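Predicted model only: the values in this text are computed from it and were never measured. Sequence lines set the chain letters: A, B, ... in the order given, protein chains first and strands last, and positions in each chain run from 1.
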Amino acid sequence: MAFLDDNRLLPAEPSQRIAAHELYDAVRALPLVCPHGHTDPQWFAEDAPFPDPAQLFVIPDHYVFRMLCSAGIDLSALGVPRVDGGRTETDSRKIWRLFADNYHLFRGTPSRLWLDHAFQDLFGIDERLSAANADAYFDQIADCLSRPEFRPRALYDRFGIEVISTTDSPLDDLRWHRQIRDEGWHGRVIPTYRPDALVDPEFEGFAGNVERFADLTGADTTSWPGYLEAHRIRRAAFKAMGATATDHGHPTALTADLPQAEAATLFDRVLSGKATAGETELFRAQMLTEMARMSLDDGLVMQLHAGSRRNHSPHVMARHGRDKGFDIPGRTDYVSALKPLLDAVGMEPGLTLILFTLDETAYGRELAPLAGAYPSLKLGPAWWFFDSYEGMLRYREMTTETAGFYNTAGFNDDTRAFCSIPARHDVARRADCTYLARLVTTGRLDLDEAHDLAGEMAAGLARRAYKL
Amino acid sequence: MAFLDDNRLLPAEPSQRIAAHELYDAVRALPLVCPHGHTDPQWFAEDAPFPDPAQLFVIPDHYVFRMLCSAGIDLSALGVPRVDGGRTETDSRKIWRLFADNYHLFRGTPSRLWLDHAFQDLFGIDERLSAANADAYFDQIADCLSRPEFRPRALYDRFGIEVISTTDSPLDDLRWHRQIRDEGWHGRVIPTYRPDALVDPEFEGFAGNVERFADLTGADTTSWPGYLEAHRIRRAAFKAMGATATDHGHPTALTADLPQAEAATLFDRVLSGKATAGETELFRAQMLTEMARMSLDDGLVMQLHAGSRRNHSPHVMARHGRDKGFDIPGRTDYVSALKPLLDAVGMEPGLTLILFTLDETAYGRELAPLAGAYPSLKLGPAWWFFDSYEGMLRYREMTTETAGFYNTAGFNDDTRAFCSIPARHDVARRADCTYLARLVTTGRLDLDEAHDLAGEMAAGLARRAYKL
Amino acid sequence: MAFLDDNRLLPAEPSQRIAAHELYDAVRALPLVCPHGHTDPQWFAEDAPFPDPAQLFVIPDHYVFRMLCSAGIDLSALGVPRVDGGRTETDSRKIWRLFADNYHLFRGTPSRLWLDHAFQDLFGIDERLSAANADAYFDQIADCLSRPEFRPRALYDRFGIEVISTTDSPLDDLRWHRQIRDEGWHGRVIPTYRPDALVDPEFEGFAGNVERFADLTGADTTSWPGYLEAHRIRRAAFKAMGATATDHGHPTALTADLPQAEAATLFDRVLSGKATAGETELFRAQMLTEMARMSLDDGLVMQLHAGSRRNHSPHVMARHGRDKGFDIPGRTDYVSALKPLLDAVGMEPGLTLILFTLDETAYGRELAPLAGAYPSLKLGPAWWFFDSYEGMLRYREMTTETAGFYNTAGFNDDTRAFCSIPARHDVARRADCTYLARLVTTGRLDLDEAHDLAGEMAAGLARRAYKL
């Protein structure tokens, strides 16, 4: 029945494999704590069946379609929607076959691990995807999806999810979250306050967004104090729907702490639409510090995802829009960039700021030393391109010796690919147990400590860091 | 007869060693595809014997003499030619003894692996080089070199070379390549179009070079269109001699895509010799995009070797000239630098641009994300200081999870040290099989896939990426 | 009696463990060569007993208290002295209990390895520290400290120290070094010339320091030539007390080589207190080249510790002062920064400049290529946050293939935590033997060579690099 190796991602060396397996066996079935991700709350509210295999695994997954694109396959042929009105493939079986024909491209990638895991464990398939079995795969998955036990709420239970956070705009009315609550379903689906649309003057429709923010909150968002008040009001509304965290996605980690009068003037500039690129960056920087101050007041945990240069290809942006696999990282500084925020509130043990990076060089040089000193800072898990076996091991190897384990925030699945969630947690648990087994077998940690830590890394650290 | 470990570079852990050995045994004897290097076509045209051991292994190898220099040995004492007219050692046996006395300096380096491999497999020596056996070594190698089976063409066959590219200036008349062709020898020795002398205004004699370019092509190289036309003409001439690729060695990866009128004005500036450092850099940047456009037309594969700060020591430059081991890498940005070129032609599947780096931090952060999205981009192999066992493993560990295997371009031996070519390919094959065996024994890849990939990494990927 | 694994830090794979153990057994008991550190010469001069466990292990160790601080524990509660007159805990047993309660925070860190080693080997404790045994630990250590065999000179002998360097200001009168000498004690405790207070215009009290420098040397330190002369005089005085080295801690590695007239003008500017930040940086840069020239004259080995952004938190600085765990590294360039100094004296085999970094990305990209070419350059060992098992292995993996072993300078314990010195050398010896065993078992090095290198890395390289 299985085509995956049950020992996958555990060390090859026998003594290490035994230690890793023992640790993994004790945590493999722990509940999934999912404090950061991009699933759609509507799924859980409506509990409608997922559509066909291509719409589940190919069309929405930027890891998948960008790799196919890199091999010269047009995104339109993969059904990726067009924003320019151009034609895109709609035959899901045809898209699936194209994907299957090129499945070798994913060798050695985490996508392959996530896909195979779902194919085997969720859909009961017992051989590797190929051109030859593409149709059989399609039929098998499509058949499953038509059954009630593959609907979102059933999968939530089957996956063993304890809590799952979505990522939401302050302008979102949270209707689906409310519906889930009002129905009394036992699943815990909570929002996360992600204010890009309102704190990034370069965000499409920024000025209009700030106006809608006023409508939604009753605050006068044409003034700096009113605008900040609107944030406080919406944050409180998110908290009321269960939110425990905010999330901030910025091109850099720059923060600022201007005197309030200067900040007010800057706000007027950006609202006027006449701000320079530097002022725009400065406004985002100031808002990180403002958000940190609000977090200190309302207790919401703050996440900073910095360093992605979004929409690198203007052609892909023009044809297919945002989030289409063409977001490329760049060098990211934290040590100078975060200083204004840290000078303001960094020594507050009541604040939790979780830092993420796409620049692995910052792990040992900047992030571990910062998190290993400031009480407010924690390190988020290996992110995006580094949410992978080697990426996770490098993360531990480069941060643990300086920051230890307890300044890290556990695992994030960080995905909109719902079916990949168990696979992603499983990869993390296996990688973490591999790392712990290496410490144990080289005399750097006792086995009882490793057991304790395996549980922390699988669930405990995330629960505590995110106050879940 | 052997002093090298036949299992060298394969994993120590038994299950991994077995898997790696099985993979390696299947590819160790595959033909050598050599799409980028610096051998001299005159060797193959004239087929004259190589001179003595010092002239073969010490005097021309910057890996070797820079390490000896770092220990305080004067380059002149090693026979490295002087450009300032100063005295340099000419007694090859004396140079060889100095090298042998200091052979311990190479412990743990790839030079040691390449040298030992050639000593044992090519010259039949069965003990490690030392002060004690320096003379015996010298005599044994000198004796071999006097025999016909050690002449360049015989070695080409003995090494199992399938094709070898040289690196040539557009001003080169390609006479040796023509002679090889005209004689009808079965070896395939092809040129590569490397236009530094004509696209880098800081290159010695730049203005004169542009004039000679006119003489050679009949184009009016005093005008921007004529200058571009001259490139097209010479590229066609290189193609006619078998070239499939161009190569570009720039201090940074900066590209530009100016309007043609601005580019023409910039060309006039640089030709006048009055260009600022910024204009010079901008001209090189513009030429990369022009070359990419020409590649789209004529199908030549484009290589970019960026990031070396050449001739770091002015003393060494003044005494011994260029390429004397004092080229030092620096931080290199790709994600912003390549954007103008990629905006122009990056989404064209008909273009192949192979990227090289001396800044390993770019692997995971910039190059793998770029190559894992843009259809035109491929990653060249680990280069120069990183053309080594650990360097190759880091390259795979940091790129595969994001870009997979099929966005990489196979191995380059990239050397003027002809006798090291089999050793270099062997190191790459062993390192790649070690990496694959790690994936197999940790359940990340099936064995049949690993066999397929081992062959691709040894020869197939290079053949296809370079259209050989 | 032992709670530490005797095989700790040696490879888990049996063939590698055997090789590593054999190498380690041959070097574990070699004398400790300690060419760079921060012990207090007064200890050895007066030979007074060390105070209680908290004052030995917690209060002075920034690795320890910053980790506790990162978990939200106030530095004052740990007894870290206040510079603002605020209250700080003085009950050592209470501090010790707080430390023991939180000992799990150190899992996976080098601090844990160093502490456990001292607890077991020095104080004869046979179980891991915990809340439960905190008092027993305290009593046991306190009891030991009251005995003569735990006084500084006895420990110097017990640890097998061959020589130990302290780090001293040019303004220090070296009275304790003189007392040690005059008494004729057999221990070798030598000073190191560390002129921050006199070469960094941002150092507290800079102008006054330059005045005191005149008093101490008789030179006219209001003029540039007199100021340089004062350095020469103090360097000679340090040499007379046994010094073999200088040390330079700068925020960047920037060097400069201005014409002497310009340097003189710059000196006047910085002395006037009106220098800009750029001039201040330039003065430090110029002084590195001046110091290199003096080293060429007087033979003192030069160390450059670059890249720490000191006192990142103004709150901690205001309450507790310097060196309190809030020094955070940043990106550090060497290839351009060192060029002026290297252009002046870099090719001199008579100069030794040992380079340290907190930016590991510089290892393979900049430092190994520089040290693998320039005769004057050597690489210092993995420093500070990277003075750890993984840090040491990365250091070897990223430098050896380019710079070999003989361009490295051996180990530094670099600590003021006297009791951790044997543990630190032991970690380095185990890590180096692990690295060597990897080379041996993968056919990259012969066993006899590995034995030779293990001895070099444990003691020989440091002795020669530092002229000890």
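When Ile328(B), Thr434(B), Leu358(B), Val316(B) are compared by the number of non-hydrogen pairs under 4.5 Å with chain C, Ile328(B) comes out ahead. Interface remark: of the candidates Tyr406(C), Tyr435(C), Tyr334(C), Tyr406(C) forms the most heavy-atom pairs closer than 4.5 Å to chain B. Between chain C and the residues His62(B), Arg128(B), Arg430(B), the largest count of heavy-atom pairs under 4.5 Å involves Arg128(B). Counting heavy-atom pairs closer than 4.5 Å to chain B, the top-ranked of the candidates Ala362(C), Ser376(C), Pro369(C), Pro349(C) is Pro369(C).
If you take CZ on Arg309(B) and OG on Ser336(C), they are separated by 6.0 Å, rounding to the nearest 0.5 Å. Atom NE2 of His312(B) is separated from atom CG of Leu370(C) by 5.5 Å, given to the nearest 0.5 angstrom. Atoms OG1 and CZ, on Thr332(B) and Arg365(C) in that order, are 7.5 Å from each other to the nearest 0.5 Å. Here the straight-line distance linking atom OG of Ser70(B) with atom OH of Tyr374(C) works out to 12.5 Å at 0.5 Å rounding. In this structure, the separation between CG on Asp5(B) and CG on Leu445(C) is 12.0 Å, given to the nearest 0.5 Å. Distance check: Leu439(C) CG to Tyr389(B) OH gives 10.0 Å after rounding to the nearest 0.5 Å.
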| field | From CA spacing to verdict: side-chain contact (heavy atoms from CB on, under 4.5 Å), Arg331(C), Arg331(B) | value | CA-CA 10 Å; Arg331(C) 280 201 291 266; Arg331(B) 279 202 293 266; 3.9 Å; yes
| Should Met347(C) and Phe326(B) be marked as a side-chain contact (heavy atoms from CB on, under 4.5 Å) after you check the CA-CA gap, both sets of side-chain angles, and the distance that decides it? | CA-CA 11 Å; Met347(C) 293 301 293; Phe326(B) 281 77; 3.8 Å; yes
| request: Step by step, work out the salt bridge (charged side-chain N to carboxylate O under 4.0 Å, His left out) result for Arg107(B) and Asp446(C). | output: CA-CA 9 Å; Arg107(B) 288 173 177 167; Asp446(C) 295 333; over 6 Å; no
| request: Test Thr400(C) against Glu390(B) for side-chain contact (heavy atoms from CB on, under 4.5 Å), laying out the working first. | output: CA-CA 10 Å; Thr400(C) 307; Glu390(B) 301 284 358; over 6 Å; no
| request: Just do the side-chain contact (heavy atoms from CB on, under 4.5 Å) check on Ser313(B) and Lys339(C) with the steps written out, would you? | output: CA-CA 8 Å; Ser313(B) 166; Lys339(C) 200 168 184 310; over 6 Å; no
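The part of Ala371(C) that comes within reach of chain B is its backbone (N, CA, C, O), which places non-hydrogen atoms under 4.5 angstrom from that chain. For a residue to count as touching a neighbouring chain, one of its non-hydrogen atoms must lie under 4.5 Å from one of that chain's; by this rule Leu10(B) touches chain C with the backbone only. Of the atoms belonging to Phe106(B), not a single heavy atom falls under 4.5 Å from chain C. With a 4.5 angstrom heavy-atom cutoff, Asp343(C) touches chain B via backbone and side-chain atoms both. Looking at Thr361(B), only its side chain comes within 4.5 Å of chain C, counting heavy atoms on both sides.
Taking both residues in full, the closest heavy atoms of Thr442(C) and Ala12(B) are given as CG2-N, 4.4 Å, listed atom of the first, atom of the second, then distance. The two residues Ala373(C) and Gly325(B) make their nearest non-hydrogen contact at CB-O, 3.7 Å. The two residues Pro14(B) and Glu13(C) have their closest heavy-atom pair at CD-OE2, 3.5 Å. Across all non-hydrogen atoms, the minimal contact from Glu401(C) to Gly391(B) is OE1-N, 3.4 Å.
Between Met67(B) and Asn407(C) there is a side-chain heavy-atom pair separated by less than 4.5 Å.
A salt bridge is defined here as a Lys NZ or Arg NE, NH1 or NH2 lying under 4.0 Å from an Asp or Glu carboxylate O, and Arg444(C) with Asp116(B) fails to meet this definition. The residues Glu397(C) and Arg394(B) are annotated as not salt-bridged, no charged nitrogen and carboxylate oxygen being separated by less than 4.0 angstrom.
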